[in-house]
Amino acid sequence: MKQLVDFLPVLAFVGVYVFTDIFVATAALMATAVVQLAVFKWKGWPVSRQMWVVIWVALVSGALTLLFQNKAFIQWKPTIVYWIMACAIVVSRYVGSGDHIQKALRMLVLPDRAWAHLTWGWGVAMLAAGGANLAVAYGFSEQAWVTYKLVSAFAIPVVLTVGSVGYLAATGQLPDEEAMEGAERQ
């Protein structure tokens, strides 16, 4: 249920786009972002900083898109979100209460060097995802960009996870079951 709610805005955007245009789809994205937040609050689910960033960027870029009738604002939304996330991931390694990647993958017990590599890998991947979004937005049709937006919303987390596991396995740092069980008890 929670995963469906996580993807509700992008699904609404693409679904509405199929039957209307990018401006009505943008309004649907904005509305479902607010609904998404309301559902999280109603269910008592924690609203992460990442979700707040996504919602605010969606509302601001969506409002600018509708106000100026310019699709470029909504097309930049994923790039802005990815780049903010890239900065947050890398900066968290050096400032504040700790590493975002280490907190997200707290069930893993890894040496500091592995956490550093994962942090930089995810940061670079987020920068690349933002760049890829712009390349598709400006290099292909609007319809191709909308399709890319849908596919990338589901694919990027999978690619990052598989890439992380691949890196850990290739470097012999993938924790065994015993280490994982010890981390879960903590």
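Every heavy atom of this structure was used, including side-chain atoms; hydrogens, water molecules and symmetry mates were not. This chain uses plain numbering: 1 for the first residue, then up along the sequence.
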Should [X] and [Y] be regarded as members of a common hydrophobic cluster, given that ILVMFWY residues are connected when their side-chain heavy atoms come within less than 4.5 Å of each other, either directly or indirectly?
| X | Y | value |
| --- | --- | --- |
| Ile80 | Val124 | no |
| Trp45 | Val47 | yes |
| Val151 | Val81 | no |
| Phe7 | Val146 | yes |
| Val159 | Val165 | no |

Checking [X] side chain against [Y] main chain: does a donor-acceptor pair fall under 3.5 Å?
| X | Y | result |
| --- | --- | --- |
| Trp115 | Leu110 | yes |
| Ser61 | Ile74 | no |
| Gln36 | Val5 | yes |

Of the non-hydrogen atoms in [X] and [Y], which two are nearest, and what is the gap between them?
| X | Y | answer |
| --- | --- | --- |
| Tyr148 | Ala129 | OH-O, 3.9 Å |
| Ile55 | Ala33 | CD1-O, 4.0 Å |
| Gly123 | Ile89 | N-CG2, 4.2 Å |
| Trp83 | Leu134 | CH2-CD1, 3.9 Å |
| Leu160 | Ala125 | CD2-CB, 3.4 Å |
| Ala116 | Arg93 | CB-NH2, 3.3 Å |

[X] versus [Y]: any side-chain heavy-atom pair under 4.5 Å?
| X | Y | result |
| --- | --- | --- |
| Pro78 | Trp145 | yes |
| Leu150 | Phe13 | no |
| Leu127 | Tyr82 | no |

If you round to the nearest 0.5 Å, how far is [atom2] of [Y] from [atom1] of [X]?
| X | Y | atom1 | atom2 | answer |
| --- | --- | --- | --- | --- |
| Ile156 | Thr161 | CD1 | OG1 | 11.5 Å |
| Gln102 | Leu118 | CD | CG | 9.5 Å |
| Met85 | His100 | CE | NE2 | 10.0 Å |
| Thr65 | Phe23 | OG1 | CZ | 7.5 Å |
| His117 | Ile101 | NE2 | CD1 | 14.0 Å |
| Asn70 | Trp76 | CG | CH2 | 12.0 Å |

**Q.** Whichever hydrophobic residues join Val158 through chains of side-chain contacts under 4.5 Å
**A.** Val162
Q | Co-members of the apolar cluster containing Leu67 [side chain, <4.5 Å] | A | Val60, Leu64, Phe68, Phe73
Q. Just one of Val24, Thr26, Asp21 clears the side-chain contact (heavy atoms from CB on, under 4.5 Å) bar with Val16, so which one?
A. Val24
Q. In terms of ring plane angle, is the pair Tyr94 and Trp120 parallel, tilted or perpendicular, where the classes change at 30° and 60°?
A. tilted
Q.
Within the 3.5 Å criterion, strictly below it, is a donor on Gln143 or Tyr17 matched to an acceptor on the partner's side chain?
A. no
Q.
Checking Trp122 now: which residues fulfil side-chain hydrogen bond (donor to acceptor under 3.5 Å, both in side chains) with it, not counting sequence neighbours?
A. Ser164
Q) Taking everything shown except Glu142 itself, do over 12 heavy atoms lie less than 6.0 Å from its CD? A) yes
Q.
Can you confirm whether Phe140 is buried at CZ, in the sense that more than 12 heavy atoms of other residues, nucleotides or ligands lie under 6.0 Å from that atom?
A. no
Q: For Val34 and Leu59, run side chain to side chain contact (heavy atoms under 4.5 Å, CB included): C-alpha distance rounded to whole Å, both residues' side-chain angles, the deciding distance at 0.1 Å, then the answer.
A: CA-CA 9 Å; Val34 172; Leu59 294 175; 4.1 Å; yes
